[in-house]
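In what follows, every chain begins at residue 1, and chains take the letters A, B, ... in the order their sequences are listed.
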Number of protein chains: 2
Amino acid sequence: MSSVEGQQGRNGSRAAAGGGSVAHRVPDLGALELLLAVARLGSLGAAARETGITQPAASSRIRSMERQLGVALVDRSPRGSRLTDAGALVTDWARRIVEAAEAFDAGAQALRDRRDSRLRVAASMTIAEYLLPGWLLALRAQRPDTAVSLLAGNSAAVAERLLADEADLGFVEGVSVPTGLDSVVIAHDRLIVVTAPRHPWARRGRPLEGAELAATPLILREKGSGTRQVLDAALGGLARPLIELSSTTAVKAAAVSGAGPAVLSELAVGEELAVRRLVRVPVQGVSLARDLRAVWPTGHRPVGPARELLSLTRG
Amino acid sequence: MSSVEGQQGRNGSRAAAGGGSVAHRVPDLGALELLLAVARLGSLGAAARETGITQPAASSRIRSMERQLGVALVDRSPRGSRLTDAGALVTDWARRIVEAAEAFDAGAQALRDRRDSRLRVAASMTIAEYLLPGWLLALRAQRPDTAVSLLAGNSAAVAERLLADEADLGFVEGVSVPTGLDSVVIAHDRLIVVTAPRHPWARRGRPLEGAELAATPLILREKGSGTRQVLDAALGGLARPLIELSSTTAVKAAAVSGAGPAVLSELAVGEELAVRRLVRVPVQGVSLARDLRAVWPTGHRPVGPARELLSLTRG
DNA sequence: ATGAGGGCATAAGCTGTCTTTATGAGCAGC
DNA sequence: GCTGCTCATAAAGACAGCTTATGCCCTCAT
């Protein structure tokens, strides 16, 4: 059993208006990375070396993190340091933050490197938001010195870039492939109907019929968005909005708060479903699937870094 | 070659040589939170007020974030500020980091509040690691002033705490419910077989048979762990380890690196599957499902905060 | 048109945090 | 006992971020 000793109670719980910022209660990324290094290497000093600081700095940083969290994280001994049980748990949670930060970094770097990049990627929003950072991380692991640039836009914009030779590889979601482009399906996405767990639909026995879906006011992206287009097409142009929001995130938030059923990409709600913040409502008789495709100008099969990235996306 | 990989196995992200730690390339949590506030409120000044700093501080912070990333994030105008296209993308990525930080905070706070907490929770590792932070966040949203304490351990330890009245509500994963406890199923988990995308099994046509699974050396958690017990039971005590590792994370990392097939909880690999870092191998004829249950001492139905939390976990 | 108000930028000074260097102390194995 | 590993402590310096105090720009209402 995890023996977690609270250390000292310094109560800095100021109930600030509007919700206190999490930044003051969570160690910064450097500290979390250091903790991961300690977990992996089993020694403060080694972790310090790896993260490029001195041993006393590491020691002090870990200690102040323990003070901040009010929990002992590592068992120090003259032969090294091991995580406490609580420390192991904290480290697992910390790893998620650091992984998110790595994805952020990979993406941000691609946004920056416009100029001299050896691989220019154009992607639709959903792909750029949810999938590309992971791919870029994988690519970096294989080819650390490949500078990538990223341009996000809709399908038409992606096609335009490719045809103007301003991008080497594109990714689009959607039913049809823009003319002038070759493509390969790299994954499947699906729009799904979700509700808050206590919504009546969350407990329905039988799957939802298309007609029922079309007849119910839904939380939707605005007209013109990719997901809305797919939905409208599937329902015959008849989706009834309960409210229209301009970002996937806003739609999710509204659904979570129980405002009503929402229709969203499976990619966007994986986390929410896993934790049951949202519940999936089965649907019958309507095809809400869509392919995710890699695209390139007809005849110009991807080569070099583009091929590398392409192969990553398919495994 | 039995286990005892200790912490070494935790191979999260190798420090990229030359690149340095991600912490230096990613804005700190405060800056990301500020960016989210700007996105939401449409004004630097308003975001500053909400995050409890002055307008010049916000201005400078956003600016230095833009400098750091090399991308313009915000379109300033005398009527307010809107995100640029790149800024919207960056904000979406940033949101993931902040959400992970919020989960971290919720969990960490529960580890700390041992003493005077009004709700004492005991949970098995998998649940504590993957689900509980989300539940705690939801609980905090409903009842902001409920101090929660968390104790993580195996099923037996959870039962022990409950029976000793050292915990109000427990969560266990497993086939059987410890004696002396009432329980309710709150979710279903399943062990799944995963491989790196280029492993031969990733492209098999037909599902794997139980016998085949039992005959193949697998990357596994050490004997005695919850997942290992379920697997052994399902296969008839016959799982053959290729290597045994002491943490879910280590198993994942080994599988991703292509060392072989691994067996893991569905909960642990949601993200990896979504991004195709791992591929699920269908299995036939073996029941790898397990229930996740909330448990409490027989007769003592959860009341107050415990009931509240329980109802959250079921939706 | 003119003043009020919201919104953002700049400059200067202060404060706190994290860092390094330098040192001490505990434990293992030869 | 010596060497090598570990971690802890102390003192001093560097840097980032904050605040206060301004100023400019634009829009809207009078």
Side-chain angles (χ1 to χ4, degrees), chain A residues 7-8 10 12 14 16 20-69 72-84 87, chain B residues 6-8 15 20-70 72-84 87 94:
Chain A
Q7 303 234 34
Q8 63 181 27
R10 51 128 89 121
R14 26 92 166 302
S21 65
V22 88
H24 298 126
R25 290 174 307 205
V26 175
D28 65 52
L29 283 169
L32 298 178
E33 254 183 320
L34 178 64
L35 179 64
L36 295 187
V38 172
R40 184 154 31 87
L41 301 172
S43 144
L44 291 187
R49 279 192 296 281
E50 195 190 65
T51 49
I53 60 177
T54 60
Q55 172 267 318
S59 180
S60 134
R61 220 168 176 186
I62 294 285
R63 186 169 294 286
S64 70
M65 182 158 44
E66 289 178 315
R67 215 175 34 233
Q68 181 183 16
L69 299 179
L73 299 174
V74 303
D75 264 339
R76 293 126 172 111
S77 90
R79 294 206 315 284
S81 296
R82 281 182 52 85
L83 295 180
T84 62
Chain B
Q7 312 291 345
Q8 319 315 24
S21 60
V22 86
H24 298 127
R25 289 175 307 207
V26 176
D28 65 52
L29 284 169
L32 298 178
E33 258 185 316
L34 178 64
L35 179 64
L36 295 186
V38 171
R40 185 154 31 83
L41 301 172
S43 142
L44 291 187
R49 279 192 296 280
E50 196 190 64
T51 49
I53 60 177
T54 61
Q55 172 267 318
S59 180
S60 133
R61 214 163 182 189
I62 294 284
R63 184 168 298 285
S64 70
M65 182 159 39
E66 289 178 314
R67 221 183 21 242
Q68 182 182 16
L69 299 179
L73 299 174
V74 176
D75 261 339
R76 293 125 172 112
S77 89
R79 295 210 313 285
S81 295
R82 283 182 50 84
L83 296 180
T84 62

#### Entry: Set of residues satisfying side-chain hydrogen bond (donor to acceptor under 3.5 Å, both in side chains) with respect to B/Glu66, sequence neighbours excluded
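So B/Glu66 forms a side-chain hydrogen bond (donor to acceptor under 3.5 Å, both in side chains) with B/Arg76.
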
List, with names and distances, any nitrogen or oxygen atoms from the protein found under 3.5 Å away from nitrogen or oxygen atoms belonging to nucleotides 26-30 of chain D.
none

[X]: side chain to side chain contact (heavy atoms under 4.5 Å, CB included) partners, not counting sequence neighbours:
| X | answer |
| --- | --- |
| A/Thr54 | A/Pro56, A/Ala57 |
| A/Ser60 | none |
| A/Ser64 | A/Arg67 |

### Task
May I ask you to decide if B/Asp75's main-chain N or O and B/Thr84's side chain share a donor-acceptor pair within less than 3.5 Å?
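Judged by distance alone, no pair lies under 3.5 Å.
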
Mind calculating the distance between [atom1] ([X]) and [atom2] ([N]) to the nearest angstrom?
| X | N | atom1 | atom2 | answer |
| --- | --- | --- | --- | --- |
| A/Leu44 | D/dC5 | CG | P | 16 Å |
| B/Arg67 | D/dC15 | CZ | C1' | 13 Å |
| A/Asp28 | D/dC15 | CG | C1' | 14 Å |

### Message
For A/Gly45 versus A/Gln55, what's the shortest heavy-atom pair and its separation?
### Response
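That would be CA-CG, 4.1 Å.
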
### Query
How far apart are the C-alpha atoms of B/Ser81 and B/Val74, what are their side-chain angles, what is the distance that settles it, and do they pass the side-chain contact (heavy atoms from CB on, under 4.5 Å) test?
CA-CA 6 Å; B/Ser81 295; B/Val74 176; 3.3 Å; yes

### Query
Could you give the angle between the helix axes at the two ends of the helix from C/dA1-D/dT30 to C/dC30-D/dG1, with five pairs per end, rounded to 10 degrees?
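For the helix from C/dA1-D/dT30 to C/dC30-D/dG1, the axes at opposite ends meet at about 20°.
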
### Query
On DNA chain C, which is the earliest and which the latest nucleotide, 5' to 3', with an atom closer than 4.0 Å to a heavy atom of chain A?
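Contact boundaries, 5' end first: C/dT19 to C/dA28.
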
### Task
Could you check whether B/Ser77 gets within reach of a base, just the sugar-phosphate, or nothing at all, counting any heavy atom under 4.0 Å?
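Sugar-phosphate contact only.
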
Donor-acceptor pairs are to be reported for all side-chain atoms of residues 28-38 of chain B against protein atoms at under 3.5 Å, with residues two or more places apart or in another chain.
{"from": "B/Asp28", "atom 1": "OD1", "to": "B/Gly30", "atom 2": "N", "distance (Å)": "3.0"}
{"from": "B/Asp28", "atom 1": "OD1", "to": "B/Ala31", "atom 2": "N", "distance (Å)": "3.0"}
{"from": "B/Asp28", "atom 1": "OD1", "to": "B/Arg61", "atom 2": "NH2", "distance (Å)": "2.7"}
{"from": "B/Asp28", "atom 1": "OD2", "to": "B/Arg61", "atom 2": "NH2", "distance (Å)": "3.1"}
{"from": "B/Glu33", "atom 1": "OE1", "to": "A/Ala23", "atom 2": "N", "distance (Å)": "3.3"}
{"from": "B/Glu33", "atom 1": "OE2", "to": "A/Val22", "atom 2": "N", "distance (Å)": "3.0"}

### Task
Please identify each residue that fulfils salt bridge (charged side-chain N to carboxylate O under 4.0 Å, His left out) with B/Arg40, with sequence neighbours left out.
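Applying salt bridge (charged side-chain N to carboxylate O under 4.0 Å, His left out) to B/Arg40 gives B/Glu50.
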
### Task
List for me each residue that meets salt bridge (charged side-chain N to carboxylate O under 4.0 Å, His left out) alongside B/Arg49, sequence neighbours excluded, and say none if there are none.
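Listed in chain order: nothing, the list is empty.
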
### Task
May I ask you to evaluate whether A/Ser81 reaches the phosphate of D/dT6, defined as a side-chain N or O under 4.0 Å from OP1 or OP2?
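Checking A/Ser81 against D/dT6: no side-chain N or O falls below 4.0 Å of OP1 or OP2.
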
### Message
Near DNA chain D, counting only heavy atoms under 4.0 Å, which residues of residues 52-62 of chain A show up?
### Response
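Contacting residues: A/Gln55, A/Pro56, A/Ser59.
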
### Query
Can you check side-chain contact (heavy atoms from CB on, under 4.5 Å) on B/Leu44 and B/Ile62, steps first, answer last?
CA-CA 9 Å; B/Leu44 291 187; B/Ile62 294 284; 3.9 Å; yes

